[in-house]
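Structure, as structure tokens:
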Amino acid sequence: MHALITGVTGQDGAYLSALLLGEGYQVTGTSPRRSSDNSNLRRLMEVGALENHKFKYDTMDVTCASSVDAMITSQHFDVIYNLAAQSYVAESFVSPLATTQINYNGVLNLLESIKKFSRETRFYQASTSEMFGLVDCEAQNEDTKFHPRSPYGVAKCAAHYAVQNYREAYGMYACSGILFNHESPHRGIEFVTRKITDGVAKIVSKQRMDISLGTLDSQRDWGHARDYVRGMHMMMTQDRPEDFVIATGVTHSVRDVLEIAFSHVGLDYRDYVEQDARYMRPSDVPILCGDPSKARSKLGWEPTVDFEDMIKEMVDFDLFRHNVDPLKYFLTGGSADAAANR
Ligand code: GDP
């Protein structure tokens with residue numbers, strides 16, 4: 001089996017590559033360009049994908065139809081996972097058109113190319129809980145109406161409907177995974193969980209004194225990315241294409257992330273966090289909580305990582321990245337100097 005993963009250099013691309021390679025797939029992973037120092041391949045290196053002979057890294061720009069057509073006609077893909085996106089909600093307010101270009105037009109380019117050249121190829125679209133936006137029910141499932149609150153959410157809704165339309169109009173195996181927020185040590189630094197865990201590690205290693213954040217009241221259903229890419233793969237190996245919500249069903253606030261991350265290193269977040277209007281959004285999503293019942297019953301999917309363990313894992317990874325050995329740090333009663341991992 002041969003899989004194409006767009007946006008392969010991101011968090012989910014790395015975990016999905018590792019999963020599929022482990023299942024014996026050949027994986028071609030793409031991003032729009034190769035950075036001169038290969039730093040964008042860091043995650044793929046860390047999960048061991050780069051050294052696997054069945055993994056190939058290539059360039060493709062989903063916003064350019066000829067680039068997409070060239071890739072899809074150059075070899076046969078059994079499945080395409082579209083993870084390419086401008087994935088940062090705050091940035092979408094600054095660049096709504098560029099966000100739409102990637103997050104919606106890019107999806108159309110892929111769907112059109114599959115329709116024209118490779119109708120049997122299965123297509124996965126990375127839909128998102130941000131499509132629900134302003135919610136008026138306790139838990140969101142596949143039937144909950146969308147009320148996006150950002151250009152990011154709007155573009156993702158459009159792409160979601162396009163996938164549904166190609167499935168109905170052309171009988172394509174195309175489906176969307178409506179994934180709630182999913183994190184890990186490989187999460188981008190601009191997302192709030194990783195911003196906090198990286199900030200904690202920088203405070204411990206005395207590189208900074210505090211963290212500036214926006215609202216601490218937002219609540220999200222945060223799961224672990226490794227669990228969530230497993231859900232993607234399960235969706236793509238069903239008899240019939242269907243959309244699924246992937247979530248834990250448990251909600252926490254930004255304040256809860258702070259509480260766990262700081263107390264893990266023996267500190268009180270109230271001494272280190274300041275609020276900064278720069279990180280407030282013109283319209284935000286106050287609360288999300290997913291209902292993964294369908295994924296549970298039809299796919300047999302279950303989350304395996306507890307929220308608190310995930311945040312602690314992220315802090316530990318970030319301590320390592322900032323040259324503090326977490327084990328020595330805890331054994332020496334919280335001395336970053338004694339635990340310096342140099
Ligand atoms: P999102 O749900 O995809 O927008 O994921 P994020 O991790 O970017 O944001 C989750 C929530 O945390 C949002 O409601 C943000 O407004 C809130 N938040 C508060 N402070 C910050 C911050 O400094 N950075 C980010 N990214 N989010 C923040």
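Counting starts at 1 for both ligands and their atoms, in listed order.
Residues Asp58 and Thr28 bring no donor and acceptor atom of their side chains to less than 3.5 Å of each other.
Taking the salt bridge (charged side-chain N to carboxylate O under 4.0 Å, His left out) definition, one finds that Asp210 meets it with nothing, sequence neighbours left out. Residues passing the salt bridge (charged side-chain N to carboxylate O under 4.0 Å, His left out) test with Arg42 are Glu46, sequence neighbours excluded. Residues satisfying the salt bridge (charged side-chain N to carboxylate O under 4.0 Å, His left out) test with Glu259, not counting sequence neighbours, are Arg270.
Proximity of the aromatic rings of His160 and Tyr104 is defined here by a centroid distance below 6.0 angstrom, and this criterion is not met.
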Pick out the protein N or O atoms lying less than 3.5 Å from any N or O of ligand 1, and list each pair with its distance.
from: ligand 1; atom 1: 2 (O); to: Glu130; atom 2: OE2; distance (Å): 2.9
from: ligand 1; atom 1: 2 (O); to: Asn181; atom 2: ND2; distance (Å): 2.9
from: ligand 1; atom 1: 2 (O); to: Arg220; atom 2: NE; distance (Å): 2.7
from: ligand 1; atom 1: 2 (O); to: Arg220; atom 2: NH2; distance (Å): 3.4
from: ligand 1; atom 1: 4 (O); to: Arg281; atom 2: NH1; distance (Å): 2.6
from: ligand 1; atom 1: 5 (O); to: Asn181; atom 2: ND2; distance (Å): 3.4
from: ligand 1; atom 1: 7 (O); to: Val192; atom 2: N; distance (Å): 2.9
from: ligand 1; atom 1: 8 (O); to: Arg281; atom 2: NH2; distance (Å): 2.9
from: ligand 1; atom 1: 14 (O); to: Ser218; atom 2: OG; distance (Å): 2.7
from: ligand 1; atom 1: 14 (O); to: Arg220; atom 2: NH2; distance (Å): 3.1
from: ligand 1; atom 1: 14 (O); to: Asp284; atom 2: OD1; distance (Å): 3.0
from: ligand 1; atom 1: 14 (O); to: Asp284; atom 2: OD2; distance (Å): 3.0
from: ligand 1; atom 1: 16 (O); to: Asp284; atom 2: OD2; distance (Å): 2.5
from: ligand 1; atom 1: 20 (N); to: Gly214; atom 2: N; distance (Å): 2.8
from: ligand 1; atom 1: 23 (O); to: Lys195; atom 2: NZ; distance (Å): 2.7
from: ligand 1; atom 1: 26 (N); to: Glu190; atom 2: O; distance (Å): 2.8
from: ligand 1; atom 1: 26 (N); to: Arg281; atom 2: NH2; distance (Å): 3.4

Verdict with supporting geometry, Met172 and Arg122, side chain to side chain contact (heavy atoms under 4.5 Å, CB included): CA-CA 7 Å; Met172 286 164 46; Arg122 294 184 170 203; over 6 Å; no
